[in-house]
Colleague: 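Shown below is the structure under consideration.
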Amino acid sequence: FKGLKFHPEYQHFTLDDDKMLKIYDYAIQKGLILLFHAGFDPAFPPPYHSNPKMFAEVYKKLGGGTIVAAHLGGQKQWDEVEEYICGTDIYIDTSMGFEYYSKEQFMRIVKSHGADKILFGSDSPWSKADYELECIRSLPLTDEERELILSGNARRLLGI
């Protein structure tokens with residue numbers, strides 16, 4: 001048991017709610033990874049219960065821990081990801097991504113955030129892993145960056 005997944009929309013909470021901070025803190029103290037749905041969800045209207053600024057603030061309040069913000073840090077909020085998440089120690093994943101964000105924006109995020117904090121992810125059945133892989137393999141990444149994103153970071157985080 002390596003971590004917990006939270007979905008603020010489906011679970012009806014706001015990411016930065018003080019009650020949730022206690023849960024996150026307890027989980028982090030137990031060594032668990034916290035994975036969050038981040039940003040837009042087609043089943044829910046705005047405003048959304050998470051955004052990149054909230055992730056940055058929650059991480060700062062917790063003082064660390066392993067947090068993964070899915071959908072490259074915030075589905076359809078990538079300009080804010082560049083502003084608030086890039087350069088922090090928050091991990092982001094590629095799930096359900098390349099159909100929505102541009103390869104250029106992805107590359108900017110990789111360069112400013114670091115390939116060592118980006119995890120390959122799929123969001124099956126909502127997106128196709130083979131397409132996501134094809135996109136990553138087509139990008140002008142170094143072999144090391146590609147390896148980190150596709151498997152190295154996950155192996156390190158999961159201890160495998």
Side-chain angles (χ1 to χ4, degrees), residues 2-9 15-16 24 28 31-44 46-60 62-160:
K2 300 287 186 175
L4 302 171
K5 180 177 181 183
F6 297 91
H7 197 305
E9 305 305 325
L15 179 74
D16 59 356
Y24 309 152
I28 287 169
L32 296 174
I33 297 166
L34 306 182
L35 169 64
F36 294 88
H37 166 83
F40 167 81
D41 186 294
F44 295 90
Y48 303 110
H49 293 106
S50 69
N51 63 52
K53 184 176 181 182
M54 284 183 197
F55 278 105
E57 290 170 357
V58 164
Y59 189 81
K60 185 184 271 189
L62 293 172
T66 303
I67 293 177
V68 180
H71 312 301
L72 207 62
Q75 188 73 359
K76 295 189 177 183
Q77 299 172 335
W78 300 296
D79 291 341
E80 291 85 6
V81 168
E82 290 187 73
E83 183 176 352
Y84 295 107
I85 292 181
C86 286
T88 71
D89 288 326
I90 297 169
Y91 287 84
I92 58 179
D93 79 16
T94 66
S95 63
M96 199 172 166
F98 287 100
E99 293 177 41
Y100 300 96
Y101 47 72
S102 69
K103 290 180 179 182
E104 292 77 20
Q105 185 157 41
F106 179 82
M107 287 303 299
R108 279 198 317 270
I109 290 172
V110 169
K111 296 305 178 190
S112 65
H113 193 49
D116 61 322
K117 291 176 274 184
I118 301 175
L119 302 155
F120 174 77
S122 66
D123 204 353
S124 183
W126 311 116
S127 66
K128 299 189 182 323
D130 59 345
Y131 174 73
E132 301 287 334
L133 280 169
E134 179 185 315
C135 288
I136 290 172
R137 289 181 176 140
S138 74
L139 294 170
L141 297 163
T142 66
D143 290 342
E144 179 185 5
E145 289 169 329
R146 192 172 290 107
E147 190 277 331
L148 286 169
I149 293 168
L150 293 179
S151 65
N153 295 328
R155 286 195 320 266
R156 184 180 71 249
L157 287 178
L158 298 171
I160 54 175

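What you are looking at is a predicted structure, and each value in this text was computed from that prediction instead of being measured.
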Colleague: Please report the closest heavy-atom contact between Glu132 and Thr94, naming both atoms and the distance.
Modeller: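 Glu132 and Thr94 have their closest heavy atoms at OE1-O, 3.4 Å.
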Colleague: Output the distance between atom CG (Leu133) and atom OG (Ser122), rounded to the nearest 0.5 Å.
Modeller: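 That separation rounds to 8.5 Å.
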Colleague: With heavy-atom distances below 4.5 Å as the criterion, would you say the side chains of Glu82 and Ile109 are in contact?
Modeller: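 A side-chain contact under 4.5 Å exists here.
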Colleague: Under 6.0 Å between ring centres: does that hold for Phe6 and Tyr24?
Modeller: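 Between Tyr24 and Phe6, which both carry aromatic rings, the centre distance is below 6.0 Å.
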Colleague: Does some side-chain heavy atom of His37 sit less than 4.5 Å from a side-chain heavy atom of His71?
Modeller: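 A side-chain contact under 4.5 Å exists here.
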Colleague: Which atom pair, heavy atoms only, marks the closest approach of Ala70 to Asp93?
Modeller: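 Taking every non-hydrogen atom into account, CA-OD1, 3.3 Å.
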Colleague: Would you say that Phe40 contacts Gln77 through its side chain, given a criterion of any heavy-atom pair below 4.5 Å between the two side chains?
Modeller: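 No - every pair of side-chain heavy atoms lies 4.5 Å or more apart.
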Colleague: Please tell me if the side chains of Asp116 and Asn153 come closer than 4.5 Å, counting only heavy atoms from C-beta onward.
Modeller: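 Counting from C-beta outward, Asp116 and Asn153 do come under 4.5 Å.
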Colleague: Rounded to the nearest 0.5 Å, how far does CG of Leu150 lie from CZ of Arg155?
Modeller: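 With rounding to 0.5 Å, CZ (Arg155) is 10.0 Å from CG (Leu150).
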Colleague: Within the side chain of Glu9, is there an N or O that forms a donor-acceptor pair under 3.5 Å with the backbone of His49?
Modeller: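 Answer holds: yes.
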Colleague: How far apart are the C-alpha atoms of Leu139 and Val110, what are their side-chain angles, what is the distance that settles it, and do they pass the side-chain contact (heavy atoms from CB on, under 4.5 Å) test?
Modeller: CA-CA 11 Å; Leu139 294 170; Val110 169; over 6 Å; no
Colleague: Please report the shortest heavy-atom distance between Leu15 and Ser50, naming the atom on each side.
Modeller: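 Nearest heavy atoms, Leu15 then Ser50: CB-CB, 4.0 Å.
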Colleague: Could you tell me which non-hydrogen atom of Arg146 sits nearest to which non-hydrogen atom of Ile136, and how far apart they are?
Modeller: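 What the structure gives for the nearest pair is NE-O, 3.6 Å.
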Colleague: Drop me the distance from Ile160's CD1 to Lys2's NZ, to the nearest 0.5 angstrom.
Modeller: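 So the CD1 of Ile160 and the NZ of Lys2 are separated by 7.5 Å.
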Colleague: Run the side-chain contact (heavy atoms from CB on, under 4.5 Å) test on Leu158 and Ile33 for me, step by step, so that the C-alpha distance in whole Å, both residues' side-chain angles and the decisive distance to 0.1 Å come before the verdict.
Modeller: CA-CA 9 Å; Leu158 298 171; Ile33 297 166; 3.9 Å; yes
Colleague: Taking atom CE of Met96 and atom OH of Tyr131, what is their separation to the nearest 0.5 Å?
Modeller: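 It is 12.5 Å, given to the nearest 0.5 Å.
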Colleague: Should Met107 and Leu141 count as side-chain neighbours, where that means a heavy-atom distance under 4.5 Å?
Modeller: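 SC-SC contact between Met107 and Leu141 confirmed.
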Colleague: Quick test of your reading of the model: are Lys111 and Glu145 salt-bridged, counting only N-O distances below 4.0 Å?
Modeller: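 A salt bridge links Lys111 with Glu145.
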Colleague: Of the non-hydrogen atoms in Pro52 and Gly73, which two are nearest, and what is the gap between them?
Modeller: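 Answer, listing the atom of Pro52 first, then Gly73: CG-O, 3.8 Å.
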Colleague: Can you tell me how far apart CG (Leu72) and CD1 (Ile92) are? Round to the nearest 0.5 Å.
Modeller: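 Separation between the atoms: 4.0 Å.
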Colleague: Which atoms form the tightest heavy-atom contact between Tyr48 and Pro46, and what is the distance?
Modeller: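 Taking every non-hydrogen atom into account, OH-CD, 3.5 Å.
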Colleague: Might you confirm whether atom CG of Asp130 has over 12 heavy atoms from other residues, nucleotides or ligands at distances under 6.0 Å?
Modeller: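 Enclosed: over 12 neighbouring heavy atoms sit under 6.0 Å from CG of Asp130.
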Colleague: Assess whether a salt bridge exists between Glu134 and Lys128, defined as any Lys/Arg side-chain N lying under 4.0 Å from an Asp/Glu carboxylate O.
Modeller: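 Between Lys128 and Glu134 there is no salt bridge, as every charged N stays at least 4.0 Å from the carboxylate O atoms.
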Colleague: Hey, what do you get for CG (Leu119) to CZ (Arg156), rounding to the nearest 0.5 Å?
Modeller: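 One finds 8.0 Å between CG of Leu119 and CZ of Arg156.
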Colleague: State whether the number of non-hydrogen atoms from other residues, nucleotides or ligands found under 6.0 Å of Glu144 atom CD is greater than 12.
Modeller: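 No, the 6.0 Å shell around CD holds no more than 12 heavy atoms from other groups.
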Colleague: Just wondering, do His7 and Asp41 contact through their side chains at under 4.5 Å, heavy atoms?
Modeller: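 With C-beta onward as the side chain, the pair touches.
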Colleague: Taking the side chain as C-beta and beyond, is there a heavy-atom pair between Ile118 and Leu148 under 4.5 Å?
Modeller: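 Not touching, per the 4.5 Å side-chain cut-off.
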Colleague: Kindly indicate whether the side chain of Thr88, heavy atoms from C-beta on, has any atom under 4.5 Å from the side chain of His113.
Modeller: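 Yes, side chains in contact.
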Colleague: For Phe55 together with Tyr84, are the ring centres under 6.0 Å from each other?
Modeller: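 They do not qualify: ring centres at least 6.0 Å apart.
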